[in-house]
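Just so we're clear, the structure is a prediction, and the values are computed from it rather than from any experiment.
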Amino acid sequence: MTPTHAAGTGARKHAAPPAPRRPVGRRLIERNWIGGSLGWIWLVIVMVPLYWLVITSFKTQSNYFITNPLLPPGEFTFENYQLVIESDFVNYFMNSVIVTAGAIIPATLISFMAAYAVVRGAGNRFLKTVNGIFLLGLAIPLQAVVIPVYLIIIRMELYDTLQAIILPSIAFAIPLSVLVLANFIRDVPKELFESMRMDGATEWGTMWRLAFPLTRPALVTVVIYNAVGIWNGYLLPLILTQSPSQATIPLALASFQTQFGVNVPAVAASVTLTTVPIVLLYAIGRRQLVSGLTAGFSK
């Protein structure tokens, strides 16, 4: 063995091993501790009112004013929920379900077909104009057109019916739904559409067999977003209905506050029952919700 080779071998033997690199995920966590801390603070800010709402609904009216508002009751009671249900809450709940489902299903289907046409017919002037009208609808608030909507409903002889709430809700849900769905459909590779066309599929078949399944996250997004807005809607039921039999939950909450006066636990029970469907809907579709909101930002 030559001296040079021996020296090189010794140098390799005594060379210090490279320092181990920390995993990428750990480095990102260490660098994003500020964002994580702010996230936990925001979670506490959001959860404290919900916690107070739930524990208050199980308190009696007399115990509510003599105990700490943030402490759970010594004895849980369901009297407030029984009082709310006996006050025709089931009728209000069913009215809200009918209005929300009756507006969400048509609005989602119409928005999906419109978004597909806008994306697939990008060079068509008519479709560009239609898309511009949809975008213009985002700039028009409901409060600005509530009087024309009221007059139209009167002319259609739909006043004081659930249809009077459903039809305007569909119209105001379409613009944002088209925007979200169109951004998601643009992310679908064009090769998939071309392969469907080569297989002999029509545009109608391509839309329902290819685009519809692939846009499920965006569909869930628009369903949840519009459902929350329609479920909590107060202005349209207030203006377009009159009889208690056609009232929805937001109007019922206002009547509960007047009926119960200072009975805060009963009001808390009614609000808790109102928020349960929306919380369940969000819990079911939370993953698709995030994917749908981030559609179009990958390019």
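Side-chain contact check for Phe126 versus Val130: some heavy-atom pair is nearer than 4.5 Å. Side-chain contact between Trp231 and Ile249 is present, with at least one heavy-atom pair separated by less than 4.5 Å. Thr67 places none of its side-chain heavy atoms less than 4.5 Å from the side chain of Pro73. Side-chain contact between Phe112 and Trp208 is present, with heavy atoms from C-beta onward closer than 4.5 Å. The shortest side-chain heavy-atom distance between Leu167 and Met156 falls under the 4.5 Å cut-off. Inter-residue side-chain proximity for Asp88 and Pro244 is flagged as unmet; no heavy-atom pair is nearer than 4.5 Å. Taking the side chain as every heavy atom from C-beta outward, Leu219 and Phe212 approach each other to under 4.5 Å. Between Phe193 and Met207 the shortest side-chain heavy-atom distance does not fall below 4.5 Å.
When every heavy atom of Ser87 is checked against every heavy atom of Tyr92, the shortest pair comes out as O-CE1, 3.8 Å. Residues Leu127 and Ala117 approach most closely at CD1-O, 3.2 Å, considering heavy atoms. Scanning both residues, Ile230 and Ser169, for their nearest heavy atoms gives CD1-CB, 4.0 Å. Considering all non-hydrogen atoms of both residues, Ile104 and Asn226 come closest at CD1-CB, 3.2 Å. Of all heavy-atom pairs spanning Ala201 and Thr206, the tightest one is CB-OG1, 3.8 Å. When every heavy atom of Pro69 is checked against every heavy atom of Trp52, the shortest pair comes out as O-CD1, 3.3 Å.
Using a 3.5 Å distance cut-off with no hydrogens or angles, the side chains of Asn91 and Ser245 do not pair a donor with an acceptor. Asp160 and Ser243 form a side-chain donor-acceptor contact under 3.5 Å, judged by distance and modelled atom types alone. At a cut-off of 3.5 Å, with distance as the only test, no side-chain donor of Gln246 or Gln242 sits close to an acceptor on the other residue. Under 3.5 Å, the side chains of Tyr81 and Ser57 contain a donor-acceptor pair of N or O atoms.
More than 12 non-hydrogen atoms from other residues, nucleotides or ligands lie less than 6.0 angstrom from CD1 of Ile45. Atom CZ of Phe78 is surrounded by 12 or fewer heavy atoms from other residues, nucleotides or ligands within 6.0 Å.
In terms of hydrophobic clustering, with Ile, Leu, Val, Met, Phe, Trp and Tyr side chains grouped at heavy-atom distances under 4.5 Å, Val118 and Val188 are assigned to different clusters. Residue Ile147 is grouped with residue Ile152 when hydrophobic side chains (ILVMFWY) are merged at heavy-atom distances under 4.5 angstrom, including chains of intermediate members. With hydrophobic clusters built from ILVMFWY side chains whose heavy atoms lie under 4.5 angstrom apart, Ile55 does not share a cluster with Val271. Transitive grouping of hydrophobic side chains (ILVMFWY, heavy atoms separated by less than 4.5 Å) brings Leu192 and Val119 into a common cluster. Linking Ile, Leu, Val, Met, Phe, Trp and Tyr residues whenever their side-chain heavy atoms come within less than 4.5 Å places Leu70 and Phe65 in a single cluster.
Atom-to-atom distance recorded for Met94:CE and Leu162:CG is 10.5 Å, nearest 0.5 angstrom. Distance check, rounded to the nearest 0.5 Å: CD of Gln163 to CD1 of Ile170 gives 10.5 Å. Distance check: Leu280 CG to Thr275 OG1 gives 9.0 Å after rounding to the nearest 0.5 Å. To the nearest 0.5 angstrom, Thr272 atom OG1 is 3.5 Å from Leu53 atom CG. Here the CE-CD distance, from Met196 to Glu203, works out to 9.5 Å after rounding to the nearest 0.5 Å. For the atom pair CZ of Arg186 and CZ of Arg120, the computed distance is 12.5 Å after rounding to the nearest 0.5 Å.
Using cut-offs of 30° and 60° on the angle between ring planes, the pair Phe58 and Phe76 is perpendicular.
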Worked check of side chain to side chain contact (heavy atoms under 4.5 Å, CB included) between Leu236 and Leu142: CA-CA 9 Å; Leu236 287 179; Leu142 174 61; 3.9 Å; yes
Could you walk me through whether Val222 and Leu176 satisfy the side chain to side chain contact (heavy atoms under 4.5 Å, CB included) test, starting with their C-alpha distance in whole Å, then the side-chain angles of each, then the deciding distance to 0.1 Å, before giving a yes or no? CA-CA 8 Å; Val222 298; Leu176 182 61; over 6 Å; no
Assess the residue pair Tyr64 and Thr56 against the criterion (side chain to side chain contact (heavy atoms under 4.5 Å, CB included)); give the C-alpha distance rounded to whole Å, side-chain angles, the decisive distance to 0.1 Å, and a yes or no. CA-CA 7 Å; Tyr64 172 75; Thr56 303; 3.7 Å; yes
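Without hydrogens or angle criteria, Thr60 side chain to Asn63 main chain gives a donor-acceptor distance under 3.5 Å. Between the side chain of Ser111 and the backbone N or O of Thr108 there is no donor-acceptor pair closer than 3.5 Å.
When each of Leu240, Leu151, Leu235, Leu238 is checked for a side-chain contact (heavy atoms from CB on, under 4.5 Å) with Val146, only Leu235 meets the rule. Here the rule is side-chain contact (heavy atoms from CB on, under 4.5 Å) with Ile165, and of Ile239, Leu158, Thr248 only Thr248 fits it.
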